[in-house]
Amino acid sequence: MYLCQQKRTQMALELNETNFEELVLKSDKPVLVDFWAEWCGPCRVIAPTIEELAKDYEGKAVVGKLNVDNNMSIASKFGIRNIPTLLIFKNGEVVDKHVGVASKNVLADKLNKQLN
């Protein structure tokens with residue numbers, strides 16, 4: 001059971017200041033980034049949805065999580081003031097934004113609009 005849980009929590013990419021440009025800004029696929037923090041209750045609520053999307057969109061889109069406490073410069077660059085904030089990037093540009101908890105269907109619809 002522990003191995004399954006551990007594997008599941010690692011589905012979404014862990015984004016940080018070192019890999020953000022390569023994995024998000026230079027990606028040839030749409031990228032959903034969950035800006036979150038460990039102390040954030042709503043972030044914990046949406047975390048399983050983010051993991052499901054990472055699995056569902058494997059090979060079609062990139063899904064990642066960025067801890068705002070550990071990567072303040074990126075959070076600041078994109079004007080993240082509330083978390084969870086979900087940004088969708090395409091060709092290095094923010095093309096969609098959602099602040100707060102959202103259903104899987106809402107986020108899937110946003111990602112689907114960027115697949116082409």
> Taking L107 as the starting point, is it possible to reach I88 by hopping between hydrophobic residues whose side chains are less than 4.5 Å apart?
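Linked, I88 and L107 end up in one cluster.
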
> Taking ring-ring contact (aromatic ring centres under 6.0 Å, His included) as the test, write out the residues that go with F35, two or more places apart.
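For F35, no residue satisfies ring-ring contact (aromatic ring centres under 6.0 Å, His included) once neighbours in sequence are set aside.
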
> Can I80 be reached from L23 by stepping across I, L, V, M, F, W or Y side chains whose heavy atoms are under 4.5 Å apart?
yes

> With sequence neighbours excluded, give me every disulfide bond (SG atoms under 2.5 Å apart) pair touching residues 72-116.
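Listed once each, the pairs would be none.
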
> To the nearest 0.5 Å, what is the distance between CD1 on I83 and CD1 on I46?
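Interatomic distance, I83 CD1 to I46 CD1, rounded to 0.5 Å: 11.5 Å.
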
> Going by the disulfide bond (SG atoms under 2.5 Å apart) test, which pairs reach into residues 60-116, not counting sequence neighbours?
none

> Please report, to 0.1 Å, the donor-acceptor pairs under 3.5 Å made by any side chain of residues 69-76, with sequence neighbours excluded.
residue : atom : partner : partner atom : Å
D69     : OD2  : W39     : NE1          : 2.7
N71     : OD1  : E17     : N            : 3.0
N71     : ND2  : N67     : O            : 2.9
S73     : OG   : E17     : OE2          : 2.8

> Mind jotting down which residue pairs meet the salt bridge (Lys or Arg N to Asp or Glu O under 4.0 Å) criterion with at least one end in residues 71-95? Sequence neighbours excluded, please.
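The answer is none; no pair qualifies.
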
> With a 4.5 Å cut-off on side-chain heavy atoms, are L32 and I50 touching?
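The answer is yes, as the side chains (C-beta and beyond) meet within the 4.5 Å cut-off.
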
> Indicate the atoms forming the closest heavy-atom contact of F20 with L66, along with that distance.
CD1-CD1, 3.8 Å

> I need the full list of disulfide bond (SG atoms under 2.5 Å apart) pairs touching residues 37-74, with sequence neighbours left out, sorted by first then second residue.
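Found C40-C43.
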
> Take the angle between the ring planes of F89 and F78 and call it parallel below 30°, perpendicular above 60°, tilted in between.
perpendicular

> Heavy-atom count check: over 12 atoms from other residues, nucleotides or ligands less than 6.0 Å from K55 NZ?
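No, the 6.0 Å shell around NZ holds no more than 12 heavy atoms from other groups.
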
> For L13 and V63, run side chain to side chain contact (heavy atoms under 4.5 Å, CB included): C-alpha distance rounded to whole Å, both residues' side-chain angles, the deciding distance at 0.1 Å, then the answer.
CA-CA 6 Å; L13 293 174; V63 177; over 6 Å; no

> Per the salt bridge (Lys or Arg N to Asp or Glu O under 4.0 Å) rule, what does the pair list look like for residues 106-116, sequence neighbours excluded?
D96-K110

> A side-chain contact here means heavy atoms from C-beta on lying under 4.5 Å apart; do K97 and L86 qualify?
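Contact flag for K97/L86 side chains = no.
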
> Can you name the side-chain hydrogen bond (donor to acceptor under 3.5 Å, both in side chains) partners of K104, sequence neighbours left out?
E52, D56

> What residues, two or more places apart in sequence or in another chain, satisfy salt bridge (Lys or Arg N to Asp or Glu O under 4.0 Å) together with E14?
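Once residues adjacent in sequence are excluded, E14 has no partner under the salt bridge (Lys or Arg N to Asp or Glu O under 4.0 Å) criterion.
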
> Give the minimum heavy-atom separation between E51 and M11, together with the two atoms involved.
OE1-CB, 3.1 Å

> Are side-chain heavy atoms of V62 and V24 found at a separation under 4.5 Å?
no

> Any idea which heavy atoms bring L111 and P30 closest together, and the distance?
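Shortest heavy-atom contact: CD2-CB, 4.4 Å.
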
> Mind jotting down which residue pairs meet the disulfide bond (SG atoms under 2.5 Å apart) criterion with at least one end in residues 63-116? Sequence neighbours excluded, please.
none

> Which residue pairs satisfy the salt bridge (Lys or Arg N to Asp or Glu O under 4.0 Å) criterion with at least one member in residues 24-35, sequence neighbours excluded?
E21-K26, D34-K65

> Establish whether V94 and L25 are linked, either directly or via other cluster members, by ILVMFWY side-chain heavy-atom contacts under 4.5 Å.
yes

> Check side-chain hydrogen bond (donor to acceptor under 3.5 Å, both in side chains) between N112 and all other residues, then give those that pass, not counting sequence neighbours.
Y57

> Do V33 and L15 touch side chain to side chain, with heavy atoms closer than 4.5 Å?
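In short, these two side chains touch, coming nearer than 4.5 Å.
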
